[in-house]
Protein chains: 2
Amino acid sequence: MAVTIKDLARETGLANATISAYLNGIPVREYNRIKIEEAIKKLGYIRNDYARGLKTHRSGTIGVLIPELSNVFSTTIITEIEECLRNKGYGIIVCDCRTDLHREEESVRFLLSKMVDGLIIMPVSTDKKAFAVAVQKNIPVVVIDRKTNSEDVSHIVINNREISREATERILAKGCRKIALVTGDTEVYTAKERKAGYEDAMRKAGVYDESFVKNGGLSVDGGYSATKEILAEIPDVQAIFVTNYEMTIGSIIAINEEGRKIGKDIEFTGFDKVEITSAFVPAMHTVNQPLEEIGRVAADVMTEMIEGACPRDIVLKAEIL
Amino acid sequence: MAVTIKDLARETGLANATISAYLNGIPVREYNRIKIEEAIKKLGYIRNDYARGLKTHRSGTIGVLIPELSNVFSTTIITEIEECLRNKGYGIIVCDCRTDLHREEESVRFLLSKMVDGLIIMPVSTDKKAFAVAVQKNIPVVVIDRKTNSEDVSHIVINNREISREATERILAKGCRKIALVTGDTEVYTAKERKAGYEDAMRKAGVYDESFVKNGGLSVDGGYSATKEILAEIPDVQAIFVTNYEMTIGSIIAINEEGRKIGKDIEFTGFDKVEITSAFVPAMHTVNQPLEEIGRVAADVMTEMIEGACPRDIVLKAEIL
DNA sequence: CAATTAAGTCGAAACGATACGAGTAGTGGG
DNA sequence: CCCACTACTCGTATCGTTTCGACTTAATTG
């Protein structure tokens, strides 16, 4: 069957252990090195990662678990995480659990059975139950995008509430009072925080009105519908603040379709780096999450934890463009 | 350390082999089953796939390799593939290679080192070099979305050329003659095919004009810019046909922004299931790829091949809505 | 040149699961 | 009540590495 270390040993007349040493970068005699390298080439040896992982309990792989694969936020971060970890010699295994708690836990088990050396997770809920198994097995866990009730893991989030307050205040500063919010289900940590920031600002200005808040379900068509509703129900709405990428796209389409001009008939602030923003500048603003940075920091914190560092909580800053 | 089969054996008073049997679905005595299940829950046992793979030479994992994670087409298919394979007891490992040939090959090696039982790939090029290593190792390969020059693998594609021709013909039938096309880089198989279909129809009608074709780079902002250009350069353009989801979104924004009404001032056909389509119906049409079906068929063909079936070439049909 | 030290090499025991032939309960018929 | 037969269950070898203490070289030194 497959070529093993034993075949190399037989071929070279050396012991298994010596071959293994060579393969792991431990120095061997010059003439042995040559013999081994020749044998490897001749027999076409490839290391069996299973045997190795079984023995070492390490896989060189990090598990990445997210609720949905279908949004720009997740995929951008994943791409960056992969890039960084790859540079450090790690590969990643990605799972999405479709925002399903049961599947989430199942996925954690799947990843653990693959012997991942660490777990980066964007949890469905704020409960630590999802990744408890991993923590219990002493596997480093980095949680991104959401705070949870666990102290054993690192958290990497952005200043959702503040930045949303600030974005709302900026709109208020322009003299707008009727400012609508398109947000996600407030069960979700980020949606809740962003709504809270908006509410902070609106209440302070004494213009908060629950009916100005619509749930856009975090999707393009949800953002589209929510915006349509807003425009219909509040004809004199002066501004709209949308709190994620997909809904922003949907919202723009709806506004345009209704014949209103962003920056002229209506103020608009979206979320995440909408590539087409440049074409709207300065008419449209966006709250820009440092997606790449989130990915990079997650990867860094992960490798630090693998090397024994303690969990850390990091808050990154979004900016308004 | 980690909980092993031996711990379960000690806990239950049974032999390793019996536990293993249970874990592999071989029937055990009712009262033993209960004991085992309790022990698993109590100790938090998770099977060590590495030990298992070492022994069985199988991993229960399929590798999925795509050029980009950042488009709806890929992510929808991946989600479906995962769903189907999960139901058959397989997990998936996803890699994206950022449309980089070098990374692509590297990723194939990575996946092989993870001992995947099969490889589902959306290759960057039409050359079989990318997955040659896998084929050589006798690992089943399913190629989706693109045809390659390999006979050792299964191909699952849609009728790109025909459906694009048909979509174009439908627009022509409405009396339009100046029909612009927003496409991707024609190095890409699907972009090439779709452009070819458009060209077929336009030439047949005697109205083909190279300057009506714009490259939208497959992205939202690319589609936006390309459409802006079209509207500026061909003021009397009568219709626009866009050939992927992201560009469709960008294009719609651009058209709206220029104050033209889809279905009234301009005919519009997009690509892929744009969720907000319903709001435009019947003003806007879309070429609908059976994304879920692609994923499902890919998963089916993969498991068939693992069980020894020969490679197959399957062409699925897109529809115009 | 003997003694010491450093540098490589060795053999065998794990790692945690599965496979296989052999053994032991449980079941039903005579 | 026993025998044959089915249906589990058992012990152990094995997969391909790494690990570890012991051992053998080679190099260094007084």
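Below, chain A is the first sequence line, B the second, and so on; all start at residue 1. Predicted, not measured: the structure shown is a model, and the values here were computed from it.
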Mind checking if [X] touches a base, just sugar-phosphate, or nothing, with heavy atoms under 4.0 Å?
{"X": "S20(A)", "value": "base"}
{"X": "L14(A)", "value": "sugar-phosphate"}
{"X": "L23(B)", "value": "nothing"}
{"X": "N24(B)", "value": "sugar-phosphate"}

Candidates [options] - which lies nearest the side chain of [X]:
{"X": "I5(A)", "options": "dT17(D), dC10(D), dG16(D)", "answer": "dT17(D)"}
{"X": "L54(A)", "options": "dT18(D), dG16(C), dT9(C)", "answer": "dG16(C)"}
{"X": "N32(A)", "options": "dG16(D), dG8(C), dT14(D)", "answer": "dG8(C)"}
{"X": "K55(A)", "options": "dA17(C), dG11(D), dC15(C)", "answer": "dC15(C)"}
{"X": "T18(A)", "options": "dC10(C), dT19(D), dT9(D)", "answer": "dC10(C)"}
{"X": "Y45(B)", "options": "dT18(C), dG16(C), dA17(C)", "answer": "dA17(C)"}

Q) Does the side chain of N48(B) get closer than 4.0 angstrom to OP1 or OP2 of dC15(C) through an N or O atom? A) no
**Q.** R58(B) side chain near dT18(C) phosphate (N/O to OP1/OP2, under 4.0 Å)
**A.**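 For dT18(C), OP1/OP2 do not have a side-chain N/O of R58(B) under 4.0 Å.
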(Q) If you count every heavy atom of other residues, nucleotides or ligands that lies below 6.0 Å from R109(B) atom CZ, does the total exceed 12? (A)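 Not buried by this count: 12 neighbours or fewer within 6.0 Å.
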Q: Measure from CZ on R47(B) to P on dC15(C) and round the result to the nearest Å.
A: 20 Å
Q. Rounded to the nearest Å, what distance is computed from the NZ atom of residue K35(B) to the C1' atom of nucleotide dT9(D)?
A. 11 Å
**Q.** Smallest separation among heavy atoms of D49(A) and S113(B), with atom names
**A.**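 Minimum heavy-atom separation between D49(A) and S113(B): CB-O, 3.2 Å.
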(Q) For D7(A), is there an ion pair with R10(A) - N to carboxylate O distance below 4.0 angstrom? (A)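 The answer is yes: the pair qualifies as a salt bridge.
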Under 3.5 Å, which protein N or O atoms sit close to an N or O of nucleotides 22-28 of chain C? Give each pair with its distance.
none

Q) Strictly by modelled atom types, are K114(A) and T61(B) linked by a side-chain donor-acceptor pair under 3.5 Å? A)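 A pair is found: one side chain offers a donor N or O, the other an acceptor, under 3.5 Å apart.
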